[in-house]
Amino acid sequence: MGQGQAAAVMPRMVQRHRLSTRLWHWLNAMLLYMLFTSGLGIFNAHPRLYWGQYGANFDHAWLEPGRFPGWITLPALYDLAMARHWHLTAAPVLLFSLLVYMFWSLGNGHIRRDLLFRRGELAPGHVWRDIQDHARLRFPTGEAALRYTVLQKGSYGAVIFLLLPVAILTGLAMSPGMNAAWPWLIDLFGGRQSARSIHFIAAFALAAFFLVHILMVLLAGPLNEVRSMLTGRYRVPEKRR
Amino acid sequence: MTRLLSRRALVLGGAAALAGCDRLARHETVRDALFSADNFHKWAQRGLMRPDALAHEFRPDQISPFFRANGTANPDTPAYRALWRSGFADWRLRVGGMVARPLSLSLAQLHAMPHREQITRHDCVEGWSAIGKWRGVPLSLILDAARMHGRARYVVLRCADDMGGGARYYESIDLIDAFHPQTILAFALNDRPLRVANGAPLRLRVERQLGYKHAKYLMAIEAVESLSGIGAGKGGYWEDRAGYDWYAGI
């Protein structure tokens, strides 16, 4: 019996995701779900978006998407007070868990080892090849499957270091209390209505990430991927010949 | 086929989770937890700001072209109509509760007191904002003139608008906001007497909180030790009726 055959019979299992990553992943999944749906519920109270400091019915709106249907809002029936309770309960948990995760991942080397781009990875040729591989659904196999591709690093990095912080900070910038406490925060985003618009855009960028993420999991083998995020155990895909 | 099933499962799962959240919110403990986030935000914000930290004040050229009115547009009760017809000459603001010297102030008397003018942003809980220039009497001056008791902890604002079934709009703030320099009883918006839609003859401005705290059509203010005996005890009409947060700094 050759070695290649043995490998085919006994797939190689590795410990892929750390406990901190797995816990944060599922906590985040739950929180972002609550925040997105309750956020749409809040948005339905005034479904118009503006740029600048102020904006109400008589001012120019850059987006008027109409009300979101009940199947995607929390609560399903319009209830601004309840939507705000869900949103404002989940939001601080998201903030503090993100901060803990950031510091934890800096400390244990996760960011440096797994998320930082390596030399040459950002070369246009390399990025283009990764885009082609993704488009052709040629996912990495063997050792390469244990590292994130440049597109994965880019999107995970963007979620952790850009989209989530921007969503949280624009959320805080909409608070009149925080405006008095940290006046610089609202200035950073160019006014309360701009902060509200950016908050909305960040929420939909996160939703877009979620959809692509789910699609990729389904295409890459949902069982193996979900198991690795639940238990950490990952079956290394056999090296393509 | 599996993919199609998975996608369908995803959508159904998502909808089921939402229904689950709604059902969860009916449990007493979950409700209590969700409603107590308000306390966290109050604690966090008060910890991050000086008690007298000011809301941003804008330049005259930043004022909204039209200041939207919300909530009651006209109390339209016989008593209010009568006050309005006389140009609010017969209107009085009663200052009572835990005070050593109860007051009854006419609009002319309020006009004669020291004023504060501020161009601030009004943020509705619904999400819109409007910037306007307010003029009014600092609430602290009135509370000092009435010699509020040291035991009082809240100021309750009683309004003329009947919200149905005889329930009048009311709101309440604590002393940190009551004595804040920008907390005024405003009688003018954008250099004109308050219009009925914006709360004539007098409304509260409490600039570090959302719009529903800014009680319109003021009739009386009352210093109290506790909010429990008032309305349903949650400190305001919408707090009692719809479950809005009492602390509306977020």
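Note that the structure is predicted; figures quoted are calculated from it, not measured. Below, chain A is the first sequence line, B the second, and so on; all start at residue 1.
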**OP:** Select one option (side chain, backbone, both, neither) describing which atoms of A/M30 are under 4.5 Å from chain B's heavy atoms.
**Re:**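 Neither part; nothing is under 4.5 Å.
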Original post:
Can you say whether A/T73 sits under 4.5 Å from chain B via the side chain, the backbone, both, or neither, judging by heavy atoms?
Top reply: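 Just the backbone, heavy atoms under 4.5 Å.
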Original post:
Does A/L77 CG have over 12 foreign heavy atoms under 6.0 Å away?
Top reply: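 12 or below, so no.
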Taking the side chain from [X] and the backbone from [Y], do they hold a donor-acceptor pair closer than 3.5 Å?
X      : Y      : result
B/K216 : B/A197 : yes
B/Y217 : B/V196 : yes
A/H199 : A/A195 : no
B/R203 : B/N198 : yes
A/R84  : B/I250 : yes
A/T37  : A/M34  : yes
A/Q193 : B/G127 : yes

**OP:** Give the member of A/A76, A/P176, A/S175, A/G191 that has the highest number of heavy-atom pairs under 4.5 Å with chain B.
**Re:**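 Maximum pair count with chain B is reached by A/P176.
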Original post:
Looking at A/L88, A/L172, A/I42, which has the largest count of heavy-atom pairs under 4.5 Å with chain B?
Top reply: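 Max contact count across the listed options: A/L88.
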Subject >> Residues of residues 43-64 of chain A near chain B, each having a heavy atom less than 4.5 Å away >> reply: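 So far as heavy atoms go, A/A45, A/H46, A/Q53, A/Y54, A/G55, A/A56, A/N57, A/F58, A/D59 are the residues that approach chain B to under 4.5 Å.
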Original post:
Using non-hydrogen atoms and a limit below 4.5 Å, what part of residues 177-186 of chain A faces chain B?
Top reply: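 Listed by number, the contacting residues are A/G177, A/M178, A/N179, A/A180, A/A181, A/W182, A/I186.
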Test of ring centre spacing under 6.0 Å for [X] and [Y]:
X      : Y      : result
A/Y156 : A/Y148 : yes
B/W238 : B/Y212 : no
B/F187 : B/H115 : yes

Option in [options] with maximal non-hydrogen atom pairs under 4.5 Å from chain A:
options                      : value
B/A130, B/C21, B/A242, B/A25 : B/C21
B/C124, B/A19, B/A17, B/S64  : B/S64
B/L54, B/I131, B/N70, B/D22  : B/D22

Subject >> Per-residue contact mode, B/F67 against chain A (heavy atom under 4.5 angstrom) >> reply: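 Interface part for B/F67: neither.
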Let me have the donor-acceptor pairs involving side chains of residues 208-216 of chain A, under 3.5 Å, with sequence neighbours excluded, atom names and distances please.
none

Is it true that [X] and [Y] have a side-chain N and a carboxylate O under 4.0 angstrom from each other?
X      : Y      : result
B/R116 : B/E207 : no
B/K213 : B/D245 : no
A/R196 : B/D123 : no

Original post:
In residues 30-44 of chain B, which residues are in contact with chain A at a heavy-atom separation under 4.5 Å?
Top reply: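 Near chain A, by residue number: B/R31, B/A33, B/L34, B/F35, B/A37, B/F40, B/H41.
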**OP:** Please assess B/Y237 against B/D161 for the test side-chain contact (heavy atoms from CB on, under 4.5 Å), listing each intermediate value before the final yes or no.
**Re:** CA-CA 11 Å; B/Y237 175 77; B/D161 39 343; over 6 Å; no
Original post:
What do the steps show when you test B/D177 against B/D174 for side-chain contact (heavy atoms from CB on, under 4.5 Å), and what is the final call?
Top reply: CA-CA 6 Å; B/D177 274 319; B/D174 64 12; 4.0 Å; yes
